[in-house]
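Working notes for the structure below.
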Amino acid sequence: MPVTVVIGSQWGDEGKGKIVDLISQDADIVARYQGGANAGHTICWDDKEFVLHLVPSGIFQEGVDCVIGNGVVIDPVAVLKEIEMIRELGYEVEGRLHISHNAHLIMPYHKKVEEARENWRDAGAIGTTGRGIGPAYVDKFARTGIRVVDLLDRDVLRKKLIISMEEKNAILQNVYGAEKLDVEAIIEEYVEFDKLIDPYVTDTTEYLCRSLKEGKHVLAEGAQGSLLDVDFGTYPFVTSSHPTVGGCCTGLGIPPTSITRIIGIVKAYSTRVGNGPFPTELEDEYGEELRKTGNEFGATTGRPRRCGWLDLVALKYTTMINGFTELAITKLDVLSNLDKIEVCTGYVVDGNTTQRFPSDIRTLERVRPVYETLPGWNEDITGITRLEDLPSTARDYLTFISDFLDVPQRLISSGPKREQTILV
Ligand code: GDP
């Protein structure tokens, strides 16, 4: 029952989209297990670029089926738009895309509450993408959420919505001073969605477990990265779900024993979107260079990403909690033409050097990174497909990473395109 999990090892945007796209060539099913439409996966081929937010990128592989699992929160508008785009590109979606009937829906009031709360918090804002994902997870755990299955019965939907919206409207008006929303308009809109989404909805847990029994290969993909995990990340500057390996089991309903490969996606440097501590952040010309060369602007929001050197302390921590069995190192080409490359191998906290990633952000905010300086390579390595064709300093950099983390490197990405890849 082989399940391969692809996990972002940093703060997201590691280039998971490309790796999932590549590996899905050998998969029967690609399944997304958490998050919402805030994460954008970018896939490039034939000089074209596609951004997918919810549908797994395996949809572009012939013979591959895709699952949006129960752990994902679904914005019906976003998912339908994506299905339409994929269809227009000439790919069949019906019969290939399976959406969990247990997945929670993002409702218009979730977006409204999120926006109002961020405005209200102002300086203390988390820097969310305003897509209602956090509030949808809040309702899920408060047991007041609306699930895909609720769309089937208009009366149940109305009852649940009335209860939920009474509370939401009171909060919107009385706490945040925002306008209230109309229940009936939302019911009409969502009943319409039901008709459109119906062909894709199924019991995806039963489907996945049956497929695993039949010996099918499932590729599970997380969104965002491990340092944004609600339990293990830099709380409260985190996402509302579990991008780490455990999220794969609870977000799909598959047994942990079915997982045989856990691939950590490591971007050759660090980036972070939004607020929160970032020990290796560079606010100098190196940071600017990484942002420019790496095109570090959000796939969904266009926000410039904060950039910095690779942080091996953070990576050792995410390797520990995920149990990576192999690494895929991406965007190595972005480091071309730097005179030096720094790698963080320790933190100094209160005068003591440690390799432990602190569990509270107040400590993380005041750590001083300890760097090891490695030589750069003065040539463009974009598109190299054989390890031996890389400059020796680039190979040394890769070895340094996998030795430090004690995890083998299996795949190196030397450019955004499928073929710009080194298999080790
Ligand atoms: P994801 O959310 O982890 O899939 O990351 P994103 O898709 O937001 O960011 C990855 C970006 O880097 C996309 O624009 C990719 O096309 C691009 N990319 C992926 N791998 C490489 C690589 O090896 N080199 C370069 N230069 N770009 C890459």
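Atoms within a ligand are numbered from 1 in the order they appear, just like the ligands themselves.
Using a 4.0 Å heavy-atom cutoff, Glu296 is absent from the residues neighbouring ligand 1. Under a 4.0 Å heavy-atom criterion, Gly12 is not in contact with ligand 1. The shortest heavy-atom distance from Asp13 to ligand 1 is under 4.0 Å.
With a 4.0 Å heavy-atom cut-off, ligand 1 is reached by no atom of His53.
Taking any N or O of Lys331, backbone or side chain, at least one lies under 3.5 Å from an N or O belonging to ligand 1. Considering backbone and side-chain N/O of Lys16, one or more are found under 3.5 Å from N/O of ligand 1. Between Gly17 and ligand 1, at least one N/O pair is under 3.5 Å apart. Between Leu332 and ligand 1, no pair of N/O atoms sits closer than 3.5 Å.
Atom numbering of ligand 1 starts at 1 in the shown order; those under 4.0 Å from a heavy atom of Ser413 are 20 (N), 21 (C), 22 (C), 23 (O). Contact atoms of ligand 1 toward Arg305: 8 (O) (distance under 4.0 Å to a heavy atom of the residue).
The backbone N or O of Glu289 lies less than 3.5 Å from a partner atom in the side chain of Thr293, making a donor-acceptor pair. Judged by distance alone, with hydrogens and angles left aside, the side-chain atoms of Arg96 form a donor-acceptor pair with the main-chain N or O of Glu92 at under 3.5 Å.
The shortest distance between side-chain heavy atoms of Tyr286 and Asp339 falls below 4.5 Å.
Here the shortest heavy-atom pairing between Phe278 and Gly308 reads CZ-N, 3.6 Å.
Considering Glu14, Glu296, Gln10 in turn, Glu296 is the only one that fulfils the side chain to side chain donor-acceptor pair (under 3.5 Å) rule with Lys267. The side chain to side chain contact (heavy atoms under 4.5 Å, CB included) test with Ile384 singles out one residue from Ile412, Leu332, Asp389, and that residue is Asp389.
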Original post:
Could you go step by step and tell me if Phe400 and Tyr397 meet the ring pair (Phe, Tyr, Trp, His ring centres under 6.0 Å) rule?
Top reply: CA-CA 5 Å; Phe400 192 90; Tyr397 183 62; 7.6 Å; no

